J.: 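Take this structure first; my questions come after.
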There are 2 protein chains.
Amino acid sequence: MPKLTLWTAIRDAIAADIAQGAYHSGEKLPREADLAQRFGVNRHTLRRALHDLVAQGTLTSRRGAGFFVAAQPTRYEIGQAPQFTRDIQQSGRFAEKRADRIEVRQATALEASLLNGAQNVVVFEGTGLIDGVPVSWFSSKFDADRFPDLAQLFSEKPSVSRAWKELGITVHRSRTDINACNADSLMAQRLAVPAGRALLKTIAVDADENGQPVEYGESWFVGDRLTLSLSS
Amino acid sequence: MPKLTLWTAIRDAIAADIAQGAYHSGEKLPREADLAQRFGVNRHTLRRALHDLVAQGTLTSRRGAGFFVAAQPTRYEIGQAPQFTRDIQQSGRFAEKRADRIEVRQATALEASLLNGAQNVVVFEGTGLIDGVPVSWFSSKFDADRFPDLAQLFSEKPSVSRAWKELGITVHRSRTDINACNADSLMAQRLAVPAGRALLKTIAVDADENGQPVEYGESWFVGDRLTLSLSS
DNA sequence: ACCTATTTGTACGTATGTATT
DNA sequence: CAATACATACGTACAAATAGG
């Protein structure tokens with residue numbers, strides 16, 4: 001196993017130590033100085049390796065305290081929460097949502113083209129939580145002229161599905177695009193994860209029974225806190 | 001506005017430049033020395049900012065060449081019949097699969113349970129490339145006793161859909177689970193991305209016309225090189 | 001509640017290696 | 001082959017957060 005650089009070799013050595021149980025979950029690693037001495041490298045070379053393991057999610061660090069083996073991610077078993085996963089498929093609709101912003105503004109060109117030429121949009125942004133832990137952040141847009149009461153409905157209760165029910169509209173998923181991205185600093189703060197953590201991003205367009213698009217939403221999910229499940 | 005450190009401020013400034021179109025997709029950024037001078041910081045402080053943008057997927061770097069704005073992702077339609085190569089090529093790009101491993105071995109408990117009690121499995125692992133760039137790595141398992149010719153077919157041509165055609169089997173997606181994870185060092189090497197990069201992971205079970213599971217596959221997609229697209 | 005030693009984080013400096021142009 | 005530009009590696013200094021007395 002020829003490692004091209006010192007720091008990658010050190011990174012893999014530490015990762016192997018953790019995998020073999022030399023350090024347990026949550027345990028503090030030796031301090032930088034000791035690790036650097038053990039591997040016979042400069043402190044910054046060692047830090048390069050540690051930084052990479054933090055980016056991978058293997059470690060976490062606390063300034064002044066030390067480096068710690070990251071806690072085991074709580075993974076949702078496949079098929080164990082069918083209602084939850086089904087809701088997620090439909091563009092991030094949770095029973096528990098916290099509204100972070102509700103406003104009406106002029107539509108951008110992109111929003112207008114996706115929402116059948118809407119001139120103004122209702123913007124509904126918020127956080128999805130499970131047991132108080134943020135698992136998603138969403139930003140949805142609706143035609144403000146066609147649905148003038150939406151902003152009021154959202155402020156009463158942060159539920160999109162309830163709002164559609166109130167309005168007597170039935171919606172279905174029209175298209176959903178999915179990819180993965182690393183959390184930037186803003187999204188990391190919203191989701192309470194370190195920057196760089198893998199996120200599942202969905203861009204969804206929902207339509208009414210006539211096929212008219214009624215919602216355009218973007219959602220970011222913490223990758224290791226849930227799984228999207230598609231059945232056919 | 002959290003600008004706690006120099007390097008985060010520089011990172012956000014460069015990210016804002018890119019978002020506002022100062023640099024286009026694929027375009028080369030000014031070299032480190034010039035950027036460092038512009039921001040009035042040491043080269044390493046600038047590199048810290050650039051490194052973070054590379055980790056986020058905003059930039060890519062090539063030693064000796066420069067830093068470049070990352071390309072836009074390719075879309076991949078998830079239809080009923082999974083056909084990676086044909087689907088991608090319909091979007092005007094050259095897609096291919098490279099076989100990295102073909103073997104027959106005893107099934108694990110998980111594989112047996114998912115493949116209807118199979119005792120032995122054909123393991124087919126490889127890399128999916130678009131325009132020569134790796135975008136996915138896959139590991140698929142099949143019932144080796146029910147399909148004894150699969151290994152030979154894969155070694156002739158690394159195409160799952162072609163193999164099913166040869167065998168006269170029609171398959172459809174039974175279930176697909178999707179989540180996001182950060183690349184560990186092994187997967188990073190396979191996909192030619194830096195460790196920590198966000199990956200889209202799918203776990204799929206495909207079935208034949210009788211609903212019998214015939215393939216159990218895991219795939220890892222480079223998040224910023226591919227978008228999964230669901231239509232209904 | 002306060003101080004202090006410890007430990008990680010940031011920033012700059014210098015040199016050399018390596019791939020690209 | 002030479003010049004350019006990114007990558008690695010060692011070094012010094014100080015700032016900021018933590019932990020312990």
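Please read all numbers here as calculations on a predicted model, not as lab measurements. Just so you know, these numbers use all the heavy atoms, side chains as well, and skip hydrogens, waters and symmetry mates. Here is how names work: the chains are called A, B, and so on, in the same order as the sequence lines, proteins then strands, and each is numbered from 1.
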J.: Would you say A/Ser61 reaches C/dG9's phosphate, i.e. side-chain N/O to OP1/OP2 under 4.0 Å?
T.: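 Checking C/dG9 against A/Ser61, a side-chain N or O does come within under 4.0 Å of OP1 or OP2.
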
J.: Are the side chain of A/Gln20 and the backbone N or O of A/Asp17 linked by a donor-acceptor pair below 3.5 Å?
T.: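 No.
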
J.: Check the angle between the aromatic planes of B/Trp137 and B/Trp220 and answer parallel, tilted or perpendicular using the 30° and 60° thresholds.
T.: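 Aromatic pair B/Trp137/B/Trp220 classed tilted.
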
J.: Of all nucleotides in DNA chain D that come within under 4.0 Å of a heavy atom of chain B, which is furthest toward the 5' end and which toward the 3' end?
T.: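 So the outermost contacting nucleotides come out as D/dA5 to D/dA9.
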
J.: If I take atom CG in residue A/Leu29 and atom P in nucleotide C/dT7, what distance separates them, rounded to the nearest angstrom?
T.: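 Computing the A/Leu29:CG to C/dT7:P distance gives 13 Å.
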
J.: Would you tell me if any nitrogen or oxygen in the side chain of A/Arg31 comes within less than 4.0 Å of OP1 or OP2 on C/dT7?
T.: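 Indeed, a polar side-chain atom of A/Arg31 lies that close.
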
J.: At what distance, to the nearest 0.5 angstrom, does OG1 of B/Thr5 lie from CZ of B/Arg11?
T.: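 Rounded to the nearest 0.5 Å, the OG1-CZ separation comes to 7.5 Å.
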
J.: Please assess A/Phe138 against A/Phe124 for the test ring pair (Phe, Tyr, Trp, His ring centres under 6.0 Å), listing each intermediate value before the final yes or no.
T.: CA-CA 8 Å; A/Phe138 61 89; A/Phe124 178 34; 5.2 Å; yes

J.: Expressed as a whole number of angstroms, how long is the span from A/Leu50:CG to C/dT8:C1'?
T.: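 From A/Leu50 CG to C/dT8 C1': 10 Å.
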
J.: May I have the distance from A/Glu32 (atom CD) to C/dT10 (atom C1'), rounded to whole angstrom?
T.: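 Taking CD of A/Glu32 and C1' of C/dT10, I get 12 Å after rounding.
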
J.: Nearest whole Å is fine: how far is C/dT16 P from A/Leu6 CG?
T.: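 About 17 Å, once rounded to whole Å.
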
J.: To the nearest 0.5 angstrom, please state how far the CZ atom of A/Arg43 sits from the OG1 atom of A/Thr45.
T.: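 With rounding to 0.5 Å, CZ (A/Arg43) is 11.5 Å from OG1 (A/Thr45).
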
J.: Rounded to whole angstrom units, what separation is found between the CZ atom of B/Arg11 and the P atom of C/dA11?
T.: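 The answer, rounded to whole Å, is 12 Å.
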
J.: Calculate, to the nearest 0.5 Å, the distance between atoms CG and OG1 belonging to A/Asp52 and A/Thr8 respectively.
T.: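 Interatomic distance, A/Asp52 CG to A/Thr8 OG1, rounded to 0.5 Å: 9.0 Å.
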
J.: Taking the six-membered ring for Trp, are A/Phe142 and A/Phe154 closer than 6.0 Å centroid to centroid?
T.: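 Here the rings of A/Phe154 and A/Phe142 have centres that are less than 6.0 Å from each other.
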
J.: To the nearest 0.5 Å, how far apart are CD in B/Glu166 and CD in B/Gln152?
T.: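 So the gap between those two atoms works out to 11.0 Å.
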
J.: Between A/Gly64 and A/Trp7, which has a closest nucleotide on DNA chain D that is more 5'?
T.: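 Comparing both residues, the 5'-ward one is A/Trp7.
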
J.: Just by distance, no angles: are the side chains of A/Ser139 and A/Glu218 close enough, under 3.5 Å, to form a donor-acceptor pair?
T.: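 Their side chains do not contain a donor-acceptor pair, so the 3.5 Å distance test is not met.
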
J.: Please list residues of residues 35-48 of chain A whose heavy atoms come under 4.0 Å from any atom in DNA chain C, ordered by number; otherwise none.
T.: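 Going residue by residue through residues 35-48 of chain A, the ones with a heavy atom under 4.0 Å of DNA chain C turn out to be A/Arg43, A/His44, A/Arg47.
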
